[in-house]
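Below is the structure I would like to discuss, written out as structure tokens.
Since the model is a prediction, treat every value here as computed from it, not as a measurement. Below, chain A is the first sequence line, B the second, and so on; all start at residue 1.
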Amino acid sequence: MKKFDKERVLLAVAGPVIALVAAIVLTSVVLIASGKNPIEPYTLMLQQASFSDVQVLIINQASMYYLAALAVAVGFRMNLFNIGVDGQYRLAAMTTAVVGANVALPSFLQIPMLLIVAMLTGAFWAGAAGVLKVTRGVSEVVSTIMLNAIATSLIGYLTLADVWGVQLGNNMTTGTMSASGWVPGINLGTEVGEIYGLVFLAVAMGVLYWVVLNRTRFGFDLRATGESESAAAASGVDAKKMVLTAMLISGAVAGLSGLPLLLGDAHTYSLSFPTGLGFTGITIALLGRNNPVGIAFAALLIAFLDKASPALDYATPVAYEKEIATIMQGLIVFAVVISYEAVRQWGLRRQQKRVGAELAAAAAQINSEKKKEVAAR
Amino acid sequence: MELAGITKRFPGVVANHDIHLTVRKGTVHALVGENGAGKSTLMKILYGMQKPDEGTIAIHGEQVAFGSPADAIVRGIGMVHQHFMLADNLTVLENVVLGSEKLHGIGAAARKKIKEISDRYGLGVRPDLLVEDLGVADRQRVEILKVLFRGATTLILDEPTAVLVPQEVDALFDNLRELKAEGLSVIFISHKLGEVLSVADDITVIRRGTTVGTAVPAETTPRQLAEMMVGSELPTPETAESTVTDRPVLEVRGLTVHASGGASLGAESEPAAGGLTEFAGAGDVKRVLDDVSFTIHAGEVMGIAGVEGNGQTELIDALIGLKKADSGTITFLGEDVSSWPTRKRREQGVGYIPEDRHRHGLLLEAPLWENRILGHVTERPNAKGFWLDPKGAQADTRRIVEEYDVRTPGIDVTAASLSGGNQQKLIVGREMSHNPKFLIAAHPTRGVDVGAQAQIWDQIRAARREGLAVLLISADLDELIGLSDTLRVIYNGRLVADADPATITPEELGSAMTGAASGHLEHVETTEEAGPEGEAR
């Protein structure tokens, strides 16, 4: 039994490690091809990571990536591809900012209320895709991509000055939120910066994700649907209800992913609010194999690439383009998809072989047969 | 043709090991073995679809190596697959010439050639019919003709009788004798021993991937052959004394399901050798289940016989709740469950052994203990209220593995790594562990080795003694007759006939499966004697 556990760890680690090594090697190839030093950018970036202010940036960024990736992972676990996390979190952040600017409850009510507003908005936007899929059979891939575009236009409209927008210098914002809705962070001094308070929410969501999926009946149904829709249906899972529920949960988690920044630092939704979290979240969910711990490492890695790379532009004596990090992220996606599938198949074959061998050995013992083979199934 | 020392390895298993086979010209050579013994792999090697790792193939004394089926065809080897490879919307002529247009063109010459082959071997193929209008047996003859058209002198037939009813089997065997008389060789793969003994000139038995012996049909009984196949004593599916009570468990009244999206019935039934039976006017919507009524009592096994695709799948789906009935009621233990969702039905004691275990019974890439939860996620020991109970499920999986003799090194391996028989034993163990009151057993021993088959039969019998009601759907007529207390025949979505398993023979049942007989089937010389229609349903 122990052997299989070791086996599983090996398989779980082999995929990401192979993918990362491949991505680094390929990035170096790109560097060599463009006549640059293929090693130095990494050392420069690693050096960056040793600075505590960069570390804080990485952790803050990773918390947002983590939530976005969890949202994607919920969908992945039942074969739903929610590409719409991007639109869901942006719309949710904007709505939350507007509500936060116009409602002023005491903190202990205001903050939970804002979290709920964000989750409901995200769930609503994802739910639209869910309803379309359940009632009309529209692929969620198509509908969520379209909903992303609609969200962009909708946000553009709602932040117009004559709707909810507030002009602030050159920037169009939604007005500053009531201070009771600000989530205090951990201040490590002005030199270093502040860790968002909602980083802990991200951690809690990771735990919740694991518990729900692995320790509840609902989670089992969800995973069963993802592994085999027909088997899940025969076991009594209502596939349509499951699709809708999963989309709603995915959207709700997506709705949270902009909040660490919004409630911790920005306090308003503006043109400079980050975009693309949802897409990065897909990369991270893939890299982390939909596993809460794996996603955490993946989120930290991608956040590291994000936050350590700008320094490349100012490196002396030789500057590098910070887009190296982008190239690497892209290569990671490729490598991940290929290496995971390869490792999965290799693992299945390996296990089949091992089970066959162990059974044959047992049979040989019992029957004292000379042959140590099992017939083909 | 001669094969010597053929060995083929796949990852983890040796499919064929040191196979020796000699086929004489002008004979029917049967290759028998259990499911999974390695017959199909051997045939794929012969037909050039796979290359052997070791061993040689010689034809007329000349050693050959096949890189692809095309090479095999050049050498005069043709294969008729178990699943036909015909284009439904083309005519017989078009199907035959497809891919070998160079041989005789696509026009009059080809037609003449087809006629000639058909007449010579008594195949009775009409070149201008659309394939979609043909029944199973006719399609098979087209497949055989296709192979002959390409100049085959050795035909490989992979389980040709699996889709046929007994009367059609006899017709096929007549065709095979014609082929043999013309000097062709036939390799006939089967695990139905009676058939093998009646048609073959030589028999080679395969067990666990290797040839364990040859037999001469005239000097061998089915039982001896079976024991060679299995390598041990042979089980029979006979039930002991009746345990049927008068307490109804499941009552189905007027159950009707319409075809969704105009999908066809799948394999259509072949009119029996005698006459052409037209499908009764289907009306506007095709009814895949038409006014089906029956009652199953506690302790009763009701068997349903029928050629596949006559509504069995729809019946199972309607009973388990995967398909909504368009009309009719299903009453389970006195309660109308027609509107219950699948989960509620299963919680209330409907067990389900699905016909396709990979699609409906297992999560192949999940560990065994998670598969033990599947279908019973709301019940103990798998869950405590809202929460899963992995420890409980794992402990119970160990018990099932022990009690039901599931051969596995542990409960953390994936279901995919078990053999078919062991997967099935796990499913049976899981379903029986929840004390079902009604069990849907669809092909419970399909693709299962003989040892596991006996165990599964024993378990069904044991549960039946304790008052379980069972709906048994099977393509294995011996299994149906042996296990059932009552028998019904499904044809074209209707229960057309019933029979007493104590007296009925597979041939008589087969006749009803083609729609040729209906009503109550009596074991008499002529089975055409139709009883009152009402009694049949």
Subject >> Contact origin within P354(B) toward chain A - heavy atom pairs under 4.5 Å >> reply: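 Contact with chain A involves no heavy atom of P354(B) at all.
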Subject >> chain A contact via E347(B) - side chain, backbone, both or neither, heavy atoms under 4.5 Å >> reply: neither
**OP:** Tell me, for V212(A) versus chain B, whether the close heavy atoms (under 4.5 Å) come from the side chain, the backbone, both or neither.
**Re:** neither
Original post:
For D238(A), is it the side chain, the backbone, both or neither that has a heavy atom under 4.5 Å from a heavy atom of chain B?
Top reply: neither
Original post:
Going by the ring pair (Phe, Tyr, Trp, His ring centres under 6.0 Å) test, which pairs reach into residues 407-430 of chain B, not counting sequence neighbours?
Top reply: none
Original post:
chain B: which of A232(A), A224(A), G219(A) shares the most heavy-atom pairs with it under 4.5 Å?
Top reply: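 It is A224(A).
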Original post:
Given a strict heavy-atom distance threshold of 4.5 Å, which part of L362(B) is in contact with chain A: side chain, backbone, both, or neither?
Top reply: backbone
Original post:
If you draw the axis of the six-membered ring of W340(B), does the NZ or CZ of K344(B) fall within 45° of it and under 6.0 Å from the ring centre?
Top reply: yes
Subject >> Matching residue for T397(B) among R430(B), R372(B), E402(B) - test: side chain to side chain contact (heavy atoms under 4.5 Å, CB included) >> reply: R372(B)
Original post:
Among V237(A), N214(A), T216(A), who wins on heavy-atom pairs under 4.5 Å with chain B?
Top reply: T216(A)
**OP:** Please state whether the side chain, the backbone, both or neither of Y352(B) comes within less than 4.5 Å of a heavy atom of chain A.
**Re:**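 Just the side chain, heavy atoms under 4.5 Å.
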**OP:** Output yes when D221(A) and R343(B) qualify as a salt bridge under the 4.0 Å nitrogen-oxygen rule, no when they do not.
**Re:** yes
**OP:** Look at the rings of F438(B) and F332(B) and say which category their plane angle falls in: under 30° parallel, 30 to 60° tilted, over 60° perpendicular.
**Re:**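 Judged by the thresholds at 30° and 60°, the geometry between F438(B) and F332(B) is tilted.
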Subject >> Residues that K437(B) engages under salt bridge (Lys or Arg N to Asp or Glu O under 4.0 Å), provided they are two or more places apart >> reply: none
Subject >> Heavy-atom contact with chain A under 4.5 Å, split by part of R346(B) >> reply: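 For R346(B), the contact with chain A is made by the side chain alone.
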Original post:
Tell me, do V72(A) and L286(A) make a side-chain contact under 4.5 Å, heavy atoms counted?
Top reply: no
Original post:
If you count heavy-atom pairs under 4.5 Å with chain A, which of D317(B), I320(B), I373(B) comes out on top?
Top reply: I373(B)
